[in-house]
Number of protein chains: 2
Amino acid sequence: MLSYTEENYLKALLQLTLEEGREEAGTNELAAYLGVKPATATAMLKKLREKELIEYERYGKITLRPAGRKSALEVLRKHRLWETFLYEKMEFTWDEVHEVAEQLEHIQSSKLVNKLDKFLGYPKFDPHGDPIPTAEGELKAIPRKTLSQIEVGESCVMVAVRDNSAPFLQYVVQLGLGINNKIKVLARQPYDAQLEIEVNGQKSTVSQKFAENIFVV
Amino acid sequence: MLSYTEENYLKALLQLTLEEGREEAGTNELAAYLGVKPATATAMLKKLREKELIEYERYGKITLRPAGRKSALEVLRKHRLWETFLYEKMEFTWDEVHEVAEQLEHIQSSKLVNKLDKFLGYPKFDPHGDPIPTAEGELKAIPRKTLSQIEVGESCVMVAVRDNSAPFLQYVVQLGLGINNKIKVLARQPYDAQLEIEVNGQKSTVSQKFAENIFVV
DNA sequence: TATATAAGTTAGAGTAATCTAACTATTAAA
DNA sequence: TTTAATAGTTAGATTACTCTAACTTATATA
């Protein structure tokens with residue numbers, strides 16, 4: 001049985017390594033992601049290694065072992081199903097779901113997870129456009145780019161966001177952006193790291209950094 | 001902000017004092033109810049007193065102060081709403097809901113509680129027949145007896161159970177009993193502390209102790 | 001009203017997760 | 001190839017909750 005905290009560390013490792021082509025993560029990176037000090041992460045890493053959930057040695061990189069990956073995928077599945085529930089059934093907005101799902105993802109009941117999945121009609125994606133892992137622990141990673149990688153003059157369709165925080169999502173909404181919206185890149189100022197885009201006829205200027213947090217196809 | 005544990009102590013105190021006519025509870029009683037040692041309860045009681053949630057002094061009885069009662073009612077409201085959700089929407093059986101609701105009752109989101117209430121159609125009772133506190137913290141205690149108090153030859157209607165544990169509820173189901181069932185008391189053996197009852201034409205013999213856990217009107 | 005029993009408390013220790021401050025190892029650049 | 005910057009670790013302390021063992025207070029009855 002894993003603690004609430006251990007589940008969070010494993011989920012964080014999964015999300016850090018889910019980023020394309022990555023296999024391993026570092027202690028500081030993990031600590032920053034979870035909002036704890038590196039010393040705290042080191043202590044927990046020793047414990048997770050003891051439980052054979054991760055591969056890790058002093059001053060080395062961290063990778064998930066199969067058992068750790070499985071647990072992390074279960075938590076991620078619950079997180080994304082609960083987000084869908086809140087959005088679809090509880091009238092929550094896009095930017096409100098993440099925080100509450102962070103709590104709900106730790107509820108222990110495989111029966112509940114599967115009934116919830118059924119109740120929601122076996123959704124494949126959560127409200128942020130991210131794929132929901134299956135009960136068997138499969139996660140289909142669809143190939144996608146970020147808005148920052150789109151050439152000037154090209155168009156693309158927004159499929160997901162990288163950042164799930166409320167402030168970020170509120171800004172996305174303010175720009176008139178949303179999942180499945182068509183975005184055209186009008187111009188790029190490399191000097192100033194700015195991007196001019198058009199969505200539903202509405203023109204906006206966003207930073208390169210912002211554009212890296214919008215996933216498109 | 002209350003911890004998960006503090007919430008559990010307050011809820012336990014509410015449930016112990018909810019029993020008709022009671023206002024106060026004892027340390028050992030509370031500890032037994034929560035499955036901790038008396039020494040542990042003493043430590044927590046000091047903390048809850050410090051936070052002005054309870055009235056309590058060394059070797060004295062414990063009572064909830066208004067703020068403590070309010071918090072406890074909020075947790076109880078969430079517990080009973082989630083039980084209703086699991087039973088009505090997630091296809092859980094009577095004996096499965098309590099355990100998972102014990103976890104769900106600690107989710108912090110007033111928006112979620114109220115949306116859930118709406119989603120369920122503002123239910124007044126949970127699947128065990130217990131009243132659900134309102135958002136304003138009102139709990140209507142309907143006057144009720146236990147099956148053990150019914151005279152021989154009299155009939156009554158089951159409205160709730162005192163014990164929400166799975167083994168107890170499974171036995172209730174096995175006897176053909178359920179909320180709103182009419183129960184007739186056929187005979188009583190005071191010597192042996194046994195009760196002969198009839199439900200839907202099915203006759204059973206149950207202990208006095210069992211009958212004290214069935215609420216009827 | 002003395003005293004045995006039940007109820008409740010204190011002291012001291014353990015575990016889980018966190019921190020700060022000081023230290024060590026790795027790496028990348030000069 | 002030395003060294004400065006970055007990354008990571010250790011030691012020691014803190015907080016929250018729990019325990020056991022020994023002790024104290026309240027109570028109930030003989």
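A note on names: the letters A, B, ... follow the listed sequences, proteins ahead of strands, and every chain is numbered from 1.
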Any carboxylate oxygen within less than 4.0 angstrom of a Lys/Arg side-chain nitrogen, looking at [X] and [Y]?
X: B:Lys61; Y: B:Glu29; result: no
X: B:Glu151; Y: B:Lys145; result: no
X: B:Lys78; Y: B:Glu74; result: no

For the pair made of [atom1] in [X] and [atom2] in [N], what is the distance, rounded to whole Å?
X: A:Leu34; N: D:dG8; atom1: CG; atom2: P; value: 14 Å
X: B:Leu45; N: C:dT9; atom1: CG; atom2: C1'; value: 11 Å
X: A:Glu6; N: C:dT18; atom1: CD; atom2: P; value: 10 Å
X: B:Lys37; N: C:dA6; atom1: NZ; atom2: P; value: 17 Å
X: A:Met44; N: C:dC19; atom1: CE; atom2: P; value: 11 Å
X: B:Lys51; N: D:dT15; atom1: NZ; atom2: C1'; value: 12 Å
X: B:Tyr4; N: C:dA16; atom1: OH; atom2: C1'; value: 16 Å
X: B:Glu57; N: C:dT10; atom1: CD; atom2: P; value: 13 Å

Taking the nucleotide of DNA chain C with the closest heavy atom to each, which residue, A:Ala39 or B:Tyr59, is nearer the 5' end?
B:Tyr59
Under 4.0 Å, heavy atoms only, any strand: does [X] hit a base, just the sugar-phosphate, or nothing?
X: A:Thr40; answer: base
X: A:Tyr9; answer: sugar-phosphate
X: B:Tyr56; answer: sugar-phosphate

Report the relative orientation of the aromatic rings in B:Trp94 and B:His128; use parallel for angles under 30°, tilted for 30 to 60°, perpendicular for over 60°.
tilted
Just N and O in the side chain of [X]: are any of them under 4.0 Å from OP1 or OP2 of [N]?
X: B:Lys61; N: C:dG8; answer: yes
X: B:Ser3; N: D:dA16; answer: no
X: B:Thr27; N: C:dT9; answer: yes
X: A:Lys46; N: D:dT10; answer: yes
X: A:Arg58; N: D:dT10; answer: yes

Mind checking whether A:Phe168 and A:Phe210 have ring centres under 6.0 Å apart?
yes
Among D:dG8, C:dT18, D:dT20, which is the nearest nucleotide to the side chain of A:Thr42?
D:dG8
Tell me which nucleotide among D:dG8, D:dT18, C:dG8 gets nearest to the side chain of A:Asn28.
D:dG8
